[in-house]
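One structure below.
Residues take their numbers from the sequence shown, with the count starting at 1. Each ligand, and each atom within it, is numbered from 1 in the order the structure gives.
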Amino acid sequence: MKLFVVIEPEAEMNKSLRSICHLHSILYRNIDNSVSSAYNITMHELPALLHRNRTLTDAEFKVLLASDQFDSDLAALADAVRREYYGTDVYLRGLIEFTNYCKNDCFYCGIRKGNEAVERYRLSADEILVCCETGYALGYRTFVLQGGEDLWYTDEKLVGIIAKIRKRYEDCAVTLSFGERSKESYRSFFDAGANRYLLRHETANEYHYHRLHPPTMNWNKRLDCLWSLKEIGYQVGSGFMVGSPYQTTECLIADLRFLEQLRPDMIGIGPFLAHRDTPFHSFANGSLQLTLRMISISRLMFPNALIPSTTALGTVDPFGREHGLRCGANVLMPNLSPVAVRKKYALYDNKICTNEEAAECRHDLEQRVADAGYKIVTHIGNVKPLDLSCKQM
Ligand code: SAM
């Protein structure tokens, strides 16, 4: 369906624009995707419109994404929304990178199977439990088991590890993030006590997906995994890199549309960063500014979402994580992996925090977060319910 808007003389302009906005709220995606001259007048209102309606048309998103002129408004609104839901609280997730073996060959990833320069490692169940113990003492109430797609860890082994963590740390969330498995496997992990699963969709554009992955990998399969996880009852996290090779503005808009369908509890957005030993070694890193813009937009679209300020953001800029928090993020995922293996889990070059002990890292973050105007809390950090009351124009 197309909507044609006739522009009135100047005196009538504001009234017309208000009615355009009103129609947007009803017709969002049915509106003609071109940007008419009337939109030039409303440009500055786009952040407020997004705040009000929690969505925009593709044409409006395109305008927001293509310019830095909205960034401070987007960030201010995103921060106000995060404060409405989460105050100044910052939730911590203790990341345990338990294996860097991977059967996949994603073109962007430093631990891809084809990277022979990687020194591979696997943590035992006991080593993982030591990480949890350290983390618990430091106030972590969520443990994230992340790794490459490593079939050495059979379902049985993983169920055993998850069940042990669950038994020892009843008041903690167990989050998994080790890629694609069958629905039955996901169910067995859930039954063993896992609560959350992080699986970035990477890109919602199938063509783009195939430029980032070898032909053996399947975009539909990845998306199916996300729907299965949701069906099983996990709190689900998805997301994507910003500035990955061949990504266009349309790809980013498709990512937002996909998130609108999936409605994940967690949204992980970080810049693409090149790794020297991957096919994408010579591509430019994703931009800090565009990543922050995507975080703010995501906060406005998904007010109650758990949005991490990622390690990749902290790598692209020394204060990237603080900027992320100010732009609407409310989660940090410090590393709990043994220092001896940290450098071996290099998804990209120059990854930060590979030398720090967990306690050192925790204290450093406490200060950084406080300096940014927020507060780390010792909390399981579940997602808050969405306020469904419709915002009025
Ligand atoms: N294997 C699991 C999976 O596929 O979800 C989890 C590990 S995977 C390495 C975690 C995430 O790291 C990916 O979803 C991807 O978005 C991100 N990542 C990988 N390589 C990256 C790079 N070069 N720059 C930024 N992020 C990267």
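- With respect to the salt-bridge test (charged N to carboxylate O, under 4.0 angstrom), the residues Glu260 and Arg257 qualify.
- With hydrogens and angles ignored, the 3.5 Å screen pairs a side-chain donor or acceptor of Gln247 with a backbone N or O of Met241.
- Across all their heavy atoms, Leu325 and Asp79 have their closest contact at O-OD1, 4.2 Å.
- For residues 78-130, the set of pairs meeting the ring-ring contact (aromatic ring centres under 6.0 Å, His included) definition, not counting sequence neighbours, comprises Tyr86-Tyr91, Tyr91-His379, Phe98-Tyr153, Phe98-Phe178, Phe107-Phe280, Tyr108-His213.
- Rounded to the nearest 0.5 angstrom, Thr142 OG1 and Gln235 CD are separated by 8.5 Å.
- Protein neighbours of ligand 1 below 4.0 Å, counting non-hydrogen atoms: Tyr108, Cys109, Gln146, Gly147, Gly148, Ser177, Phe178, Gly179, Leu199, Arg200, Glu202, Arg222, Met241, Pro271, Phe272, Leu273, Tyr345, Leu347, Tyr348.
- Across all their heavy atoms, Trp219 and Thr203 have their closest contact at NE1-O, 2.9 Å.
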